[in-house]
**Student:** 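Questions regarding the structure given below will be posed in turn.
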Amino acid sequence: MTKLKLNLLMARLASHHTRLAIKQSTNLVFSEAIEKPLKRFATEAGNARLFRTRYLTNEYQSQLKVSSFFQNWSLALPPSYEIAKLLFSARSAALGQTGNCGEMSEFAFSHLAKSMVFPLDLLLITTEENPCDAHSVCVIGRNAKSDLSRPENWGNDCVICDPWSPLVFPAADYIEVSQRLPFWLAKPIVESVCRMESWTEYLKSSIDTNKGMTINLFR
């Protein structure tokens, strides 16, 4: 099996597990190109759980910043803390079973990291036409030196995993896919949220995450 085929397989599995864990969305856009949309929009209770997930994640980030400041005298979070926030958000969304593209991409990122699939990127995509309408995706195998604004050049083995849609496809096919879906536009503005290159990074971030996780998050 080629590296590209393996990455595609792992991305499809991650998307599947994400949709089993996060069953509801508050902003799903139905499209003919989406073959398997989420079964239902979030209920009122689901909306409340998503709000609580984001509130707790912001609180957790504030705690990380305080900890980082006293350790490093800096308000900038170290990379391991940024990933810790991502893992916290993913686990919180799974407990509430509700999330949008951000939470779902974070969960897929977490699942792939636990499966020892690297390198991984969590990316935020916007456009000049509508900079406030952002979309999050998880990416496997992107060349670290590649131009973020040119997804088709991210690497021969690079795969985009978007469990919110759900879509999984080689990054080389980005231009073709962007012509079929409203949130994949031809000239994206891509921002890197975080990148993980090794199992060691995942272990360190998991330790940081467990310091603030509570099992009774949605009691």
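Values reported hereafter were calculated over all heavy atoms of this structure, with side chains retained and with hydrogens, waters and symmetry mates removed.
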**Student:** Where do L50 and G99 come nearest, in terms of heavy atoms and distance?
**Tutor:** CD1-CA, 3.8 Å
**Student:** If we only count heavy atoms from C-beta on, is the S136 to I125 side-chain gap below 4.5 Å?
**Tutor:** no
**Student:** A side-chain contact here means heavy atoms from C-beta on lying under 4.5 Å apart; do P166 and R19 qualify?
**Tutor:** yes
**Student:** Do N100 and S25 get their side chains close enough for a donor-acceptor pair, meaning under 3.5 Å?
**Tutor:** yes
**Student:** Report yes if the side chains of C194 and F109 come closer than 4.5 Å at any heavy-atom pair, otherwise no.
**Tutor:** yes
**Student:** Using side-chain contact (heavy atoms from CB on, under 4.5 Å) as the criterion, list what pairs up with N156, not counting sequence neighbours.
**Tutor:** none
**Student:** Under the side chain to side chain donor-acceptor pair (under 3.5 Å) test, which residues partner D147, sequence neighbours left out?
**Tutor:** S149
**Student:** Apply side chain to side chain contact (heavy atoms under 4.5 Å, CB included) to residues T53 and T98 and explain how you reach the verdict.
**Tutor:** CA-CA 9 Å; T53 290; T98 308; over 6 Å; no
**Student:** Test of understanding: with side-chain contact (heavy atoms from CB on, under 4.5 Å), list the residues that count as partners of T200, not counting sequence neighbours.
**Tutor:** S198
**Student:** Return the set of residues passing side-chain contact (heavy atoms from CB on, under 4.5 Å) with A171 (not counting sequence neighbours), or none when no residue passes.
**Tutor:** W154, C158, I160
**Student:** Once you round to the nearest 0.5 Å, how far does CG of L13 lie from NE2 of H111?
**Tutor:** 6.0 Å
**Student:** Using modelled atom types and a 3.5 Å cut-off, is there a donor and acceptor pairing between side-chain atoms of S105 and backbone atoms of G102?
**Tutor:** no
**Student:** Starting from I189, can I reach V139 by hopping between I/L/V/M/F/W/Y residues whose side chains sit under 4.5 Å apart?
**Tutor:** no
**Student:** Between the side chain of E59 and the main-chain N/O of Y55, is any donor-acceptor distance below 3.5 Å?
**Tutor:** no
**Student:** According to a hydrophobic-cluster definition based on side-chain heavy atoms being under 4.5 Å apart (Ile, Leu, Val, Met, Phe, Trp, Tyr only), do L20 and M104 belong together?
**Tutor:** no
**Student:** To the nearest 0.5 Å, tell me how far L148 CG sits from N153 CG.
**Tutor:** 11.5 Å
**Student:** Quick check: does any side chain N or O of S165 sit under 3.5 Å from a backbone N or O of P163, one acting as donor and the other as acceptor?
**Tutor:** no
**Student:** Keeping to residues at least two apart or across chains, list the salt bridge (charged side-chain N to carboxylate O under 4.0 Å, His left out) pairs with something in residues 93-114.
**Tutor:** R54-E103
**Student:** Rounded to the nearest 0.5 Å, how far does OH of Y202 lie from CZ of F118?
**Tutor:** 8.5 Å
**Student:** Of all residues at least two apart in sequence or in a different chain, which pass the side-chain contact (heavy atoms from CB on, under 4.5 Å) check with A172?
**Tutor:** none
**Student:** Can you name the salt bridge (charged side-chain N to carboxylate O under 4.0 Å, His left out) partners of E152, sequence neighbours left out?
**Tutor:** R150
**Student:** Return the CD1 to CH2 distance between I22 and W164, rounded to the nearest 0.5 Å.
**Tutor:** 13.5 Å
**Student:** Return the CG to OG distance between L87 and S110, rounded to the nearest 0.5 Å.
**Tutor:** 5.0 Å
**Student:** Is there a donor-acceptor pair closer than 3.5 Å between any side-chain N or O of S89 and the backbone N or O of K85?
**Tutor:** no
**Student:** Scan T126, L124, D162, L123 and name whichever one has a side chain to side chain contact (heavy atoms under 4.5 Å, CB included) with H135.
**Tutor:** D162
**Student:** Checking D121 now: which residues fulfil side chain to side chain donor-acceptor pair (under 3.5 Å) with it, not counting sequence neighbours?
**Tutor:** R142, R195
**Student:** Could you go through residues 5-12 and list every donor-acceptor pair under 3.5 Å that involves a side-chain atom there, pairing it with any protein atom two or more places apart or in another chain?
**Tutor:**
from	atom 1	to	atom 2	distance (Å)
N7	ND2	D157	O	2.8

**Student:** Nearest 0.5 Å please: distance from the CG atom of L86 over to the CZ atom of F107.
**Tutor:** 11.5 Å
